Undergrad: 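Take a look at the following structure, please.
Just so you know, these numbers use all the heavy atoms, side chains as well, and skip hydrogens, waters and symmetry mates. Whatever order the structure lists ligands and atoms in, that order sets their numbers, starting from 1. All figures in this text were calculated on a predicted structure; none of them were measured in a lab.
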Amino acid sequence: MSSSQTITKDIDKIIARYAPISLGVDLSNFTKNEKIVLGKLVAVGKLIDRIYLRQKWKGNESLFNQLLSSKPRDENAILLFNLMKGPWDRVDGCVLPYPSNLPKHKPLGGNFYPEDMTKEEFKSWFENLLPKDKKYAKGFYHVVKRNEETRELYLNPYSIEYKDLLNDASNILKESAKLVEDESLSKFLKSRAEAFLSNNYLDSEIDWLNISKESRIEITIGPYEVYTDELFSAKSAFEFYIHARDFQSSKMVEKFSESLQDVENHLPVPDEYKNKDLKATPIVVVDQLYSSGDVAVPMAAAYNLPNDEEAIKRGGSKLVIIKNVQEGKYQKILEPIAQLTVSHDQLQHLHFDAFFTHILLHEVAHSNGPHYTIGSNPETVRSRLQEYHSAIEEAKADITGLFAAILLLQNGCLTAPSLEQFYVTYLASALRSIRFGINEAHGLGQCIQLNYILEKGGFEYDERTKRFSVNFFKMPLAVSNLTRDILIMQGDGDKACVEQFILKYGTIREIVKDSLKRLENARIPIDVRPIYKIETNIIESFPMNEENVRQFISFCEI
Ligand SMILES: *[C@@H]1O[C@H](CO)[C@@H](O)[C@H](O)[C@H]1NC(C)=O
Ligand SMILES: *[C@@H]1O[C@H](CO)[C@@H](O)[C@H](O)[C@H]1NC(C)=O
Ligand SMILES: *[C@@H]1O[C@H](CO)[C@@H](O)[C@H](O)[C@H]1NC(C)=O
Ligand SMILES: CC(=O)N[C@H]1CO[C@H](CO)[C@@H](O)[C@@H]1O
Ligand SMILES: [Zn+2]
């Protein structure tokens with residue numbers, strides 16, 4: 001079978017699965033210098049994109065250049081390549097309809113290792129390395145290469161491997177650091193610029209965690225996630241985000257963190273199951289202005305960094321929640337899903353604020369409840385529940401977040417959205433998450449909640465209209481009982497019990513399957529794709545050259 005026969009998907013059809021959303025904020029309150037910085041940073045973003053293409057596959061850059069120079073240009077082919085960051089579908093891993101001589105799947109090790117290197121070869125080479133090199137060989141910031149003559153493997157730091165691009169990025173970051181007013185942001189830009197040259201990232205990780213709450217601009221840039229390295233999950237890929245801080249939502253989430261103890265005190269479990277060592281994760285809420293590098297569809301709506309354990313030990317971690325991306329997903333996906341699956345009379349209660357507030361509560365609620373088993377030999381819940389832990393933990397955060405919403409409404413800490421809005425939006429949100437299947441922690445977690453609450457009568461299904469609804473009278477007890485059952489299972493760390501629970505509640509019912517089928521037939525998009533306002537008026541160009549950098553800057557000066 002020729003590889004062209006395996007290509008079945010049509011580019012336009014794939015793009016249609018992703019609803020475009022326009023992302024940006026009103027920049028009128030940004031200073032002139034801040035706007036210039038934004039322009040410069042978009043230019044850096046173009047460099048990061050190129051680094052990432054190089055990290056993913058050695059043929060990427062040349063294929064992309066080929067697409068850009070082909071006549072006539074196929075704009076959708078270029079758009080799709082940009083969305084997926086390469087010629088393979090990020091959702092199912094299959095090759096996209098590009099020139100037929102492409103590998104059917106992305107090389108597992110990306111371009112972090114020689115394509116012909118086996119795991120066995122790596123292991124025997126690794127055994128003979130010096131301790132320092134062993135650390136680098138399995139570390140985040142070195143690629144493994146093959147000497148063309150001797151055929152031996154060797155290590156190359158990112159700072160040398162991507163020197164041409166990192167030098168330029170570093171220079172522009174340093175220029176930007178001089179222009180931003182916020183000292184903590186300036187410090188981060190400077191130290192990250194230095195890390196690009198020194199290959200030592202630790203200090204700048206700490207500076208990232210310390211970016212001030214007052215800074216209007218929030219930036220994430222550097223090598224972070226290891227998903228592109230499917231061979232060893234060791235090598236980090238470059239990613240880049242520019243955001244504008246949402247001060248109002250950030251304050252709201254601070255308020256929730258302050259209520260953490262109060263929620264813990266009221267959890268419907270015996271005292272020994274309550275968390276005696278409550279710690280709130282630092283959370284910032286932002287609106288995305290631009291992204292590049294190791295970012296693709298499906299779009300991330302939140303991320304928690306850093307990943308480097310040494311940095312976490314020194315400075316903790318920070319969760320970034322991206323409000324305008326959440327809003328896009330709500331409008332383009334959750335709303336249409338609800339229109340088809342939630343009873344007509346309850347659609348009035350569907351509300352973005354309920355969706356978003358519950359997301360914030362979910363993130364805060366990860367801190368609630370037992371993280372260690374109760375009793376004489378405490379162990380982490382994760383180590384006891386193992387492969388079930390993620391799904392149960394996600395379900396816990398969802399349901400405890402909803403429990404917290406009820407509590408905060410009762411004690412006046414929260415005045416809006418209404419309880420009805422929380423409940424109905426939560427129902428629609430469950431149907432959205434299950435759509436991605438139950439092989440993934442969030443989907444399985446939502447499936448469990450939906451089945452449990454249906455059983456307890458908190459949700460109902462009307463066979464005639466084929467729609468779900470909330471029973472507002474039965475819902476509070478169903479929520480509180482599910483919160484209790486999950487927290488107790490976690491505190492007991494009883495894997496067999498969790499297995500039974502998942503066996504009972506973790507399968508998709510026929511009525512839900514039926515709804516999912518209807519969503520599929522209605523061709524509701526599976527996710528969103530970004531159109532960045534900051535970039536709209538600028539001609540897409542690759543590679544980024546001096547002239548384009550200036551274009552960005554003058555655009556932002558207008
Ligand atoms: C700009 O700042 C003013 C004064 O601080 C404020 O009233 C206004 O809401 C701000 N506008 C935006 C778009 O943030
Ligand atoms: C964090 O930033 C503040 C200024 O915003 C500074 O005073 C403090 O020294 C910084 N802390 C670290 C550990 O760099
Ligand atoms: C909740 O749990 C209580 C105590 O176990 C039980 O009596 C009640 O029937 C449960 N109700 C629901 C709706 O789950
Ligand atoms: C294998 C391959 O085509 N690699 C190319 C990737 O892109 C760089 C820069 O454009 C080229 O130098 C490589 O030859
Ligand atoms: Zn979560």
Undergrad: Protein heavy atoms: any of them under 4.0 Å from atom 9 (O) of ligand 3?
TA: no
Undergrad: Report the relative orientation of the aromatic rings in Tyr461 and Phe468; use parallel for angles under 30°, tilted for 30 to 60°, perpendicular for over 60°.
TA: tilted
Undergrad: So which bit of Arg484 gets within less than 4.0 Å of ligand 3, heavy atoms only: side chain, backbone, both or neither?
TA: side chain
Undergrad: Parallel, tilted or perpendicular for Tyr452 and Phe501, by the 30°/60° rule?
TA: tilted
Undergrad: Can you give the angle Glu394 OE1 - the Zn ion (ligand 5) - His362 NE2, rounded to 10°?
TA: 90°
Undergrad: Note the single closest protein heavy atom to atom 1 (C) of ligand 3, along with its residue, its atom name and the distance in Å.
TA: Asn481 ND2, 1.4 Å
Undergrad: Students should be able to answer this: which protein heavy-atom is nearest to atom 13 (C) of ligand 3, and at what distance?
TA: Lys456 CB, 3.8 Å
Undergrad: Kindly state whether the ring of Tyr330 and the ring of Phe355 have centres lying under 6.0 angstrom apart.
TA: yes
Undergrad: Does the ring centre of Tyr201 sit less than 6.0 Å away from the ring centre of Tyr141?
TA: yes
Undergrad: Would you confirm whether Asp246, through its side chain, and Gln248, through its main-chain N or O, come within 3.5 Å as a donor-acceptor pair?
TA: yes
